[in-house]
A.B. asks: 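Quick one: the structure is below, questions incoming.
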Amino acid sequence: MQKPATCLVLNAGSSSLKYALYNLTDMSLIQKKTIEIGAAGYDAAFASVLGLIDSMNVQTVAHRVVHGGRDYAAPQRIDAKVLADLTALTPLAPLHQPHNVKPIALLLAKYPKLPQVACFDTAFHRSQPRLSQLYALPHAMADEGILRYGFHGSSYEYIASVLADYVGSRAKGKFVVAHLGNGASLCAMVDGKSVATTMGFTPLDGLMMGTRTGAIDPGVVLHLAEQKKMTAKEIGNLFNKESGLKGVSGISPDMRELLASPDPRAAEAVDLFCLYAARQIAALSVDMGGLDGIVFTAGIGENAPVIREKICARLKFLGVVLNDVANHENGSAIHQLDKPVSVHVIKTNEELMMARHAVAILAKPFISPAKTFK
Ligand code: ADP
């Protein structure tokens, strides 16, 4: 029997290749897997992906690409010009972009006719007003591309796409979506569009995360470089890999482990994480001129009632009050119904969002961006 036509969604990182395979007829998930790039190396991991393409009637491949720069404001069918553009964006995301681009290049060479689509973490935020994208640097630097780009776009777009199922016409209102996983950020959404977000030029900005600092006084960077003679690489490693929950607790980057630990340092790290998140939810309410609802999503957001409780307890003055029972059941609506701000737990699905984009793009004629922008 002929295998059903499928869409392969690929998320290629430095240490793993994650994939999800969808049936194109009904968008049901066929399989989902994380292949660790272990001692056998990248080629061995990628060989399993090639095996899928050959055996599972793959009609299109959607790739998670961390950076789309200023030009790519929507998912994009890939050709040689797009691949060159994405490769050229590497200096903006040196830790992620090369890994995202590598399988695109390999597949383009091996299967030039197989439609490939890039889905950018940054694209969903390109709807933001200019002020949300600016840093207070000399304007020439903004012109050069030193802007707040924001990330986690596929997750936010998925939540935007299902929000009305949970809140009806209130989905047109002012929501903060809290994507709290190993990486963590917030997105202020009005009528399902991003108006502000906590990650900035890189995914280091904003909230405290598993191993990342989040927002930090740039003076700390100068101090580490000038007084402690740390190199850019060492500072990058400190801020990206040794800070956040891991650094503050000295125990683990993993929220579940910290919540289970009796060590006061674990508790301090958890409380700091919640303070950052609550503070930034309040800050984003300024960007929206109010707050109608909060959505918690990703590993911590979906599964950790204690964290939601600690964050929301700090936001009572904005009208955020949880229903304890619903919160502890990870319910889809966890607020007290007579309060002005609704609070929800919604499971994100970045892979499905990317698959939907690939299918929509497959249905359209392909016009290379070489013809539309430089
Ligand atoms: P990633 O950003 O890598 O996709 P996830 O969204 O899977 O990460 O989130 C991982 C985080 O979620 C970890 O800190 C993990 O401890 C936390 N987490 C998962 N389940 C729970 C739980 N039941 N309680 C508390 N934290 C949890």
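First listed ligand is number 1; within each ligand, the first listed atom is number 1.
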A.B. asks: Is Glu257 close to ligand 1, meaning an N/O of one under 3.5 Å from an N/O of the other?
C.D. replies: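 Glu257 vs ligand 1: no N/O contact under 3.5 Å.
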
A.B. asks: Taking the side chain as every heavy atom from C-beta outward, state whether His152 and Glu157 have any atom pair closer than 4.5 Å.
C.D. replies: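 They are not in contact (no side-chain heavy atoms under 4.5 Å apart), so the answer is no.
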
A.B. asks: Picking from Thr197, Val177, Val176, Val295, what satisfies side-chain contact (heavy atoms from CB on, under 4.5 Å) with Leu186?
C.D. replies: Val176

A.B. asks: Show the numbers, then the answer: is there a ring-ring contact (aromatic ring centres under 6.0 Å, His included) between Phe120 and His67?
C.D. replies: CA-CA 6 Å; Phe120 306 101; His67 225 299; 8.9 Å; no

A.B. asks: Hey, looking at atom 11 (C) of ligand 1, which of Leu259, Asn11, Ile300 has the closest heavy atom?
C.D. replies: Ile300

A.B. asks: Check each atom of ligand 1 against the heavy atoms of Ala304 and keep those under 4.0 Å away; list them by number with element.
C.D. replies: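 Near Ala304, meaning under 4.0 Å from one of its heavy atoms, ligand 1 has 24 (N), 25 (C).
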
A.B. asks: Counting only heavy atoms on the protein side, is anything nearer than 4.0 Å to atom 4 (O) of ligand 1?
C.D. replies: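 Protein heavy atoms within 4.0 Å of atom 4 (O) of ligand 1 - there are none.
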
A.B. asks: In ligand 1, which numbered atoms sit nearer than 4.0 Å to a non-hydrogen atom of Ala298?
C.D. replies: 6 (O)

A.B. asks: Under 6.0 Å from the CZ atom of Arg70, do we count more than 12 heavy atoms belonging to anything else shown?
C.D. replies: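 Buried by this count: over 12 neighbours within 6.0 Å.
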
A.B. asks: For atom 21 (C) of ligand 1, find the nearest protein heavy atom and state the residue, atom name and distance (0.1 Å precision).
C.D. replies: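 Here the nearest protein heavy atom works out to Asn303 CB, 3.5 Å.
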
A.B. asks: Considering only heavy atoms, which of Ser252, Gly299, Gly183 lies nearest to atom 6 (O) of ligand 1?
C.D. replies: Gly299

A.B. asks: Parallel, tilted or perpendicular: which one describes the rings of Tyr156 and His179, with boundaries at 30° and 60°?
C.D. replies: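 Perpendicular: the ring planes of Tyr156 and His179 meet at over 60°.
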
